[in-house]
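What follows is one structure encoded as structure tokens, with my remarks underneath.
Below, read A as the first sequence line, B as the second, and so on, with proteins coming before strands; counting in each chain starts at 1.
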Amino acid sequence: MVADPPPPYTEDRVTTQLYAWIARILAVGFWLSIGIIVVGVSLALLSGDGISEETLSVGDILPAVLDAEADGLIGLGILLLLLTPLSYVVAALVIFARQRDRLFVGVCLMLILLIAASIGLAVF
Amino acid sequence: VGRSGRLGEVLLIGLVAAAAGTLGTMLGLGGGVFLVPILSLAFGIDLRTVIAASALAVVANSASGSAVYLRARFTSVRLALAMQVPMVAGALAGGFLAVSLPEVALKGLFAALLYYVAFAMRRRSVPQVAVERPSALNDPYRLGGRYFDPAVDDVVGYVPHRLRLGLPGASLAGIASGMFGIGGGPITVPLYTLVMRVPVKAATSTSSFMFGLTASASAFIYYQNNYVDPSVAIPAVLGIIGGARIGAELTMRTRPRRLGQIFVFVMLGLATSMLLDALGVY
């Protein structure tokens, strides 16, 4: 692991905040999704069904989670993992908007639009 | 193919993924370039199922590995965000290509990618970049950065050059990532270091940071087209992230300088097997 370096130069508060938010979102998203997946896999193995070979469709995930079904938890974990990078873009959008950094608000909006397209268009 | 009953195969996929993650991290390639051909060739799993699993592993690996580089400021978030626009657009195109091309064509193209990676691994001389202090004059979009590099015990500053080549180049990396479920390091790292004159530490950290969002774009497409098979994807994800941790530790302790030259042959072997498989000879 890389040791925390001494503060080598001063940076503005906004940059510090941007980096801190993104690092936090990635860590929380990662551990939350892996945790849910591991619980789901444990349930699947304990029930004797084994790990399923298919994911539930997005609409079926929530009811399955409420029924504490292994497939539901596995699907939820996978979706949370996939939504983690998008979440940091949304956070960055908020920070850039507060700064009135029009260029990077545009960059973040384009990224959100592209991911939305990959979620939306994939259905067809 | 009933994999669900066979816990043994799930564990074996996890072990292969761990080995791929360890080796891929030590070579700076990520695990996908090893994992995808091995699972496809040796386990006979449908190529798109393997690619989808690898894409999920890339998202997880990027999320788990980026925090430490963000804290050290090796990663330039603004540069990553800007480069991700063409890269994610490319990944969308790549994902759609992967689900619509015949599997034979996809195998042939993957073989071509592996030959390219083997070729790129041959020369691993690290380009030296002149240190530049980013300012409002030379870096109007604030894409550059400054970080403390323990290797030289000094602050390194840099400004990315030639955005007009870099941005379109990122879309190519995105197509490869979306199509093959890899991060794209064999394309983005040379793009950053050779074309845009970004120092290696910033190039590798900013690249691996970008792979998460990029791979998530194509992973959504695979998910909706039912190519995400949890009995393959979950051991792949857990194996790759475990292996990446081991690989990072080993890289700290050893100097894997000659490793690249040795594994050129492994890569050529995988590329040729994949090609023969595509041609129906294998």
Query raised in the report: What option among B:Val88, B:Val85, B:Val59 has the most heavy-atom pairs under 4.5 Å with chain A?
Result: B:Val85
Query raised in the report: Checking heavy atoms, do the side chain of A:Ile74, its backbone, both or neither come under 4.5 Å from chain B?
Result: side chain
Query raised in the report: Are B:Arg73 and A:Tyr19 in a cation-pi contact, defined as NZ or CZ under 6.0 Å from the six-membered ring centre and within 45° of the axis?
Result: yes
Report task. With a 4.5 angstrom heavy-atom cut-off, could you sort out which part of A:Leu113 is near chain B: side chain, backbone, both or neither? Result -> neither
**Report entry** Atom pair CD1 (B:Ile221) and CD1 (A:Ile119), whose distance is rounded to the nearest 0.5 Å
**Finding:** 10.5 Å
**Report entry** Interchain contact, A:Ala44 with chain B, by part (heavy-atom threshold 4.5 Å)
**Finding:** neither
Query - Steps toward side chain to side chain contact (heavy atoms under 4.5 Å, CB included) verdict (A:Glu54, B:Tyr227) - result: CA-CA 8 Å; A:Glu54 278 182 7; B:Tyr227 285 114; over 6 Å; no
Query - Evaluation steps, side chain to side chain contact (heavy atoms under 4.5 Å, CB included), between B:Phe220 and A:Val58 - result: CA-CA 11 Å; B:Phe220 280 120; A:Val58 177; over 6 Å; no
Report summary line: Closest non-hydrogen atoms of A:Glu53 and B:Pro230, given as atom of the first, atom of the second and distance, are C-CD, 3.6 Å
Query raised in the report: Closest heavy-atom contact between A:Leu26 and B:Ser66?
Result: CD1-CB, 3.8 Å
Report summary line: Between the OH atom in A:Tyr88 and the CG atom in B:Leu70, the distance rounded to the nearest 0.5 Å is 9.0 Å
Report task. Sort out for me which of B:Ala215, B:Pro235, B:Ala89 touches chain A most, counting heavy-atom pairs under 4.5 Å. Result -> B:Ala89
Query raised in the report: What part of B:Tyr141 gets closer than 4.5 Å to chain A, counting heavy atoms only: side chain, backbone, both or neither?
Result: both
Requested in this report: Check whether A:Ile37 gets within reach of chain B through its side chain, its backbone, both or neither, counting any heavy atom under 4.5 Å.
Outcome: side chain
Query raised in the report: If you measure from CZ on B:Arg78 to OG1 on A:Thr15, what distance do you get to the nearest 0.5 Å?
Result: 7.5 Å
**Report entry** Region of B:Val237 that comes under 4.5 Å of a non-hydrogen atom in chain A
**Finding:** side chain
**Report entry** Residue pair A:Phe96, B:Leu81: steps toward the side chain to side chain contact (heavy atoms under 4.5 Å, CB included) verdict
**Finding:** CA-CA 12 Å; A:Phe96 291 129; B:Leu81 289 170; 3.6 Å; yes
Query raised in the report: Is any side-chain heavy atom of A:Thr55 less than 4.5 Å from a side-chain heavy atom of B:Asp229?
Result: no
Query raised in the report: How many angstroms lie between CZ in A:Phe30 and CG in B:Asn61, if you round to the nearest 0.5 Å?
Result: 8.0 Å
Requested in this report: Counting only heavy atoms closer than 4.5 Å, note whether A:Ser33 contacts chain B via side chain, backbone, both or neither.
Outcome: neither
Query raised in the report: Which bit of B:Ile234 comes within less than 4.5 Å of chain A, counting heavy atoms only: side chain, backbone, both or neither?
Result: side chain
Query - Top of B:Ile241, B:Val77, B:Thr75 for chain A proximity - count of heavy-atom pairs under 4.5 angstrom - result: B:Val77
Requested in this report: List the steps and the verdict of side chain to side chain contact (heavy atoms under 4.5 Å, CB included) for A:Ile115 and B:Ser216.
Outcome: CA-CA 8 Å; A:Ile115 297 294; B:Ser216 78; 3.9 Å; yes
Query raised in the report: For A:Leu81, is it the side chain, the backbone, both, or neither that has a heavy atom closer than 4.5 Å to a heavy atom of chain B?
Result: both
Report task. Give, as side chain, backbone, both or neither, the part of B:Arg142 having an atom under 4.5 angstrom from any heavy atom of chain A. Result -> side chain
Report task. Would you confirm whether B:Tyr223, through its side chain, and A:Leu79, through its main-chain N or O, come within 3.5 Å as a donor-acceptor pair? Result -> no
Report summary line: Among A:Leu18, A:Val41, A:Ile22, the residue with the most heavy-atom pairs under 4.5 Å to chain B is A:Ile22
Query - Proximal component of A:Asp101, with respect to chain B [non-hydrogen, under 4.5 Å] - result: side chain
Query raised in the report: Which answer fits A:Ile34, side chain, backbone, both or neither, if we ask what part of it has an atom under 4.5 Å from a heavy atom of chain B?
Result: side chain
